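Data block below; observations after.
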Amino acid sequence: MSVADAGRFTEQTMTAAMHQVAAGLGVSAGDARLLHLTNNAVFALPSAAIVIRIARTHRLHDRVSKVVRLAQWFAHVDAPAIRLAADVEQPVQVGRLLASVWKYVPPTSPAPTAEDLGRALREFHTPSVPPFPLPVWDPVGDARRRLDEAEGLGDHARGFLVGWCDRLEPRLAALRCATEGQLIHGDAHVGNLLREPSGRVVLCDFDATCVGPRQVDLVAVAVGEARFGGDGSYRSLVDSYGCDVTTDPNWSLLRETRELKMIAAAVPLLASSANIVHEFTTRLQSVMEGDHQARWTPFAKLISGKLPSPARARSAVSSKALLSVELPDQRPTRG
């Protein structure tokens, strides 16, 4: 059995779950299409005007209920956020999986930009904290939970990631104590924006939404441009939002924390996708070597099959070999 067929959270498993959710809602899934397959499997059902979002890791089920409650509050305060589907009791359980159901936003031009993100974040950061408990920003805790649910993670890689968490934890605790906790999205990048037919740009994907330092919401675009390449999107975000996080005294810590998140996110899915295994190995090795110039490939491109040609060639290497590769035993640099 190949690694792509072995995991609990494969595309086939998620597709079957999506059909069960659609059947329970009494809607057709005939035109369903997969939008994302990372921490969540996200399916658009245009004819039913809904999007079904299924959590792919059991340990993150608490986030689904949190996201549903947040979405209800966002609608109440008219925050720039995607809305839940009407008249659906949420979250929706299907077997051991949990799903949420959202209004479908059809593709609308022009596509959202980093400038739009800056404006949306300024509006998103304006409301006070919701009148119900939210988790405190804890990226190390999130990473540890993903490690607990790892499938196919080698001992050497696990040891490095655990040690990385151990080193970051006290530094992040000190940062939380030194900064005011405010409502943050937690994973703010252009890929989590949608433009509604009215023209309003709204945020989506609130799994990481919590109380924490506002600077966190500016880090994803800066690190993404460094790792994935870009055309000045981060500068557009700075101009629109009015703050440059790369000049923050805690920038190196925030950057390192974001990279931990970008690597740990793949850990529960290693037994479900050979492409994810390859990219996980690439990312981890570059951090171990302290290589801040190494380019990564977005998981969305791996899912869609739009791999750059060198990566496509390397993906022929067996997943088992990638997981057992001897990686250099070095710590991430702090520069």
Side-chain angles (χ1 to χ4, degrees), residues 1-19 32-44 51-61 63 94-99 142-143 145-158 160-161 187 189 191-192 205 207-208 224 227-228 259-287 294-325 327:
M1 180 181 292
S2 71
V3 67
D5 299 325
R8 295 169 290 166
F9 308 113
T10 62
E11 180 177 344
Q12 292 79 6
T13 300
M14 296 299 108
T15 300
M18 177 273 295
H19 279 280
R33 68 177 186 273
L34 180 65
L35 300 179
H36 301 291
L37 190 68
T38 49
N39 297 320
N40 299 277
V42 183
F43 296 88
V51 169
I52 296 175
R53 191 170 187 267
I54 308 169
R56 295 180 74 201
T57 59
H58 299 140
R59 289 183 180 270
L60 299 181
H61 277 185
R63 290 189 174 188
V94 50
R96 294 185 62 201
L97 300 171
L98 279 184
D142 289 344
R145 283 187 286 275
R146 294 178 193 276
L147 287 170
D148 287 343
E149 202 166 17
E151 292 185 308
L153 181 65
D155 290 342
H156 187 67
R158 180 188 293 275
F160 178 84
L161 288 168
D187 193 23
H189 56 84
N192 280 335
D205 187 355
D207 281 1
R227 287 303 191 182
F228 302 136
E259 291 191 342
L260 172 65
K261 176 183 176 72
M262 294 166 75
I263 291 172
V267 167
L269 313 177
L270 293 175
S272 301
S273 168
N275 284 340
I276 294 294
V277 169
H278 167 75
E279 178 61 18
F280 169 82
T281 305
T282 297
R283 294 185 183 191
L284 186 61
Q285 185 161 357
S286 65
V287 169
R295 289 298 174 86
W296 298 351
T297 302
F299 288 129
K301 287 189 176 181
L302 301 175
I303 307 277
S304 66
K306 298 175 182 177
L307 288 169
S309 54
R312 183 180 290 113
R314 288 195 301 271
S315 69
V317 179
S318 75
S319 299
K320 182 177 180 181
L322 286 170
L323 283 174
S324 61
V325 66
L327 298 171

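As the structure is a prediction and not an experimental result, all values here were calculated from the model.
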Shortest non-hydrogen contact from A44 toward V51: CA-CG2, 4.2 Å
CA sep, side-chain torsions, deciding dist, call: D187, D207, side chain to side chain contact (heavy atoms under 4.5 Å, CB included): CA-CA 8 Å; D187 193 23; D207 281 1; over 6 Å; no
From L98 atom CG to H61 atom NE2, the distance as rounded to the nearest 0.5 Å: 4.5 Å
Salt bridge present between E279 and R283 (N-O < 4.0 angstrom): yes
Atom pair CZ/CG of R63 and N40 - distance to nearest 0.5 Å: 9.0 Å
Exercise: identify the closest heavy-atom pair between L97 and A55: CD2-O, 3.6 Å
Shortest non-hydrogen contact from I276 toward A266: CG2-CB, 3.7 Å
Taking every non-hydrogen atom, the tightest pair across L269 and R56: CD1-NH1, 3.3 Å
Pair D142 + R145, salt bridge at N-O below 4.0 Å: yes
Heavy-atom pair of closest approach, residues A17 and I54: CB-CD1, 3.9 Å
Any donor-acceptor pair under 3.5 Å from H36 side chain to T38 backbone: no
From D205 atom CG to N192 atom CG, the distance as rounded to the nearest 0.5 Å: 4.5 Å
CE on M262 to CZ on F228, rounded to 0.5 Å: 3.5 Å
Side chain to side chain contact (heavy atoms under 4.5 Å, CB included) between L260 and V287, worked out: CA-CA 9 Å; L260 172 65; V287 169; over 6 Å; no
Gap separating the CH2 atom of W296 from the CD1 atom of I263, nearest 0.5 angstrom: 4.0 Å
Heavy-atom closest pair, residues I52 and A99: CG2-CB, 4.4 Å
R53 side, atom CZ; M14 side, atom CE - distance, nearest 0.5 Å: 13.0 Å
